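To start, the structure under review is shown below, and the notes come after it.
We number each residue from 1, following the sequence as shown. Predicted, not measured: the structure shown is a model, and the values here were computed from it.
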Amino acid sequence: MDISFFNVKETTFFLHMISSSLSNGPQIHMQSTNNRPQNSHTSTSKSTDSGEPTRDDSDGGRKQWAPRLLRECAVAISEKDSNKIHHLFWMLNELASPYGDCDQKLASYFLQAFFCKTTESGQRCYKILASVAEKSHSFDSAKKLILKFQEVSPWTTFGHAASNGAILEALEGENKLHIIDISNTLCTQWPTLLEALAIRNDETPHLKLTVVIATNIVKSSIMKEISQRMKKFARLMGVPFEFNVISGLNHLGELTKESLNIQNDEAIAINCIGALRRIQVEERSDMIKMLLSLNPRVVTIVEEEADFSNSRIDFVKCFEECLRFTTLYFEMLEESFPPTSNERLMLEREYSRSIIRILACDDDIVDGGSECRESGVQWSERLREASSPFRYSDDIVDDVKALLKRYRSGWSLRLPQSDHESGIYLTWKEDPVVWASAWKP
């Protein structure tokens with residue numbers, strides 16, 4: 001999960017742009033994002049063959065209109081049917097609301113991405129929104145959002161538990177540990193690992209944690225505060241601790257062995273959570289080989305279970321996968337947070353920026369990285385070319401299952417179901433959403 005998120009100014013910016021683009025067509029009543037949606041914006045509207053929205057009360061109105069309209073719009077964009085695009089934009093804008101139900105939110109955020117796609121403004125719009133988000137968030141607000149998300153959902157803690165278990169087993173008995181952390185979780189993963197090191201039966205090892213920052217969203221002031229808090233916690237746990245930060249990278253491909261200051265007597269673990277997808281697809285194999293050249297005892301990799309690798313060659317197919325995954329994510333948030341939760345709204349808006357990157361930034365080069373996710377099977381095939389799976393022990397699997405029991409029903413762990421798969425999956429109502437794995441040279 002990224003720490004940046006939308007605010008009202010960003011949504012207003014997009015609505016203004018859409019309104020301007022449609023000014024020569026049907027006149028649209030633009031709803032202010034500072035207010036809650038009007039009563040006429042309900043989830044029970046859908047499109048008829050005539051193209052006009054009507055009511056449909058079947059299944060409580062859930063998911064009856066938004067996917068249909070969005071699919072029609074994606075096909076029209078793929079076919080460059082400007083008249084149909086224009087009409088569907090008008091309909092979606094009338095029905096969508098970032099404050100409505102799941103369908104209204106899907107319509108709102110996919111409309112933003114479609115607008116960027118059709119106007120070829122994806123990179124420019126994303127950079128503007130990222131800049132606004134960077135100025136509006138603080139460490140305290142970001143930390144509060146992450147911790148609240150971890151409290152109500154195992155979306156991130158699942159990967160933390162699996163990775164920590166593999167790291168502890170791979171480095172067991174070593175006195176000097178060096179973890180290279182390439183993730184975007186503001187070090188929320190590591191207090192649990194420090195606690196585990198503190199109660200080891202043998203001598204407490206020295207831990208060096210090197211955090212690699214490859215995004216300009218994370219400011220140096222934030223990392224300074226994280227460093228102070230981590231060092232304080234390590235002292236409390238009685239773990240000898242060193243904290244280093246590598247920043248200023250335009251992309252992860254600039255990371256070198258020399259910059260990591262690896263010592264010969266260190267046992268190395270490399271932790272990648274949501275990081276490898278930010279590397280260009282064609283550069284991922286080389287990046288993996290570079291990480292393995294550091295001779296780590298284990299490389300832990302956690303990625304969301306989705307395949308957006310068709311964005312350049314099949315827009316409709318990529319849209320379908322993006323809609324599927326986003327719907328799962330939004331419905332999970334809807335059931336995990338109260339209806340009026342500000343944290344839920346922030347997480348939804350944060351993910352809406354990913355939708356723009358996936359569907360509207362064709363060359364994938366935005367903010368020094370990519371949003372081109374791949375499935376666990378795709379990652380496994382690539383990783384097997386240069387490494388071997390580090391099998392999760394029964395103890396690690398049991399620990400992850402115990403973690404999931406702390407959350408509401410609907411979450412479960414799925415083991416690999418074929419020889420092509422490695423790692424384990426977090427599932428939400430039987431749909432895999434997060435893939436966790438461990439590898440060794």
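Between Y351 and Y329, the ring planes are tilted. Angles from 30° to 60° get that label.
Atom CG of L359 and atom CZ of F308 lie 8.0 Å apart (nearest 0.5 Å). Going from atom CD1 of I226 over to atom SG of C187 covers 5.0 Å, rounded to the nearest 0.5 Å. Between R71 atom CZ and F319 atom CZ the span is 6.0 Å, to the nearest 0.5 Å.
Both tests do not hold together for R68 against W65: distance to the six-membered ring centre under 6.0 Å, angle to the ring axis within 45°.
Of the listed residues (R284, R277, E283), just one forms a side chain to side chain contact (heavy atoms under 4.5 Å, CB included) with V281, and that residue is R284. Of the candidates L249, N271, D181, L249 is the only one forming a side chain to side chain contact (heavy atoms under 4.5 Å, CB included) with V212.
Ring-centre distance between F233 and W190: not below the 6.0 Å cut-off.
The pair E335-K429 meets the salt-bridge criterion, since a charged nitrogen lies less than 4.0 angstrom from a carboxylate oxygen. Under a 4.0 Å N-O distance rule, the pair E343/K148 does not qualify as a salt bridge. Salt-bridge formation is detected for the pair E174/R297: a Lys NZ or Arg NE/NH1/NH2 atom is positioned less than 4.0 Å from an Asp or Glu carboxylate oxygen.
Looking only at atom types and distance, the side chain of T188 has a donor-acceptor partner in the side chain of Q150 under 3.5 Å away. If you check the side chains of Q189 and N164, you find a donor sitting under 3.5 Å from an acceptor.
For E321, the salt bridge (Lys or Arg N to Asp or Glu O under 4.0 Å) partners at least two apart in sequence or on another chain are R324.
Here the side chains of W439 and W379 are not in contact, with every heavy-atom distance at 4.5 Å or above.
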Return a table of donor-acceptor pairs under 3.5 angstrom between the side chains of residues 256-265 and protein atoms on other chains or two or more places apart.
residue, atom, partner, partner atom, Å
T256, OG1, S259, N, 3.3
T256, OG1, S259, OG, 3.3
S259, OG, T256, N, 3.4
S259, OG, T256, O, 2.7
N261, OD1, Q263, NE2, 2.9
D265, OD2, K176, NZ, 3.1

Could you please spell out the steps behind the side chain to side chain contact (heavy atoms under 4.5 Å, CB included) verdict for R406 and T157? CA-CA 11 Å; R406 302 176 192 172; T157 55; over 6 Å; no
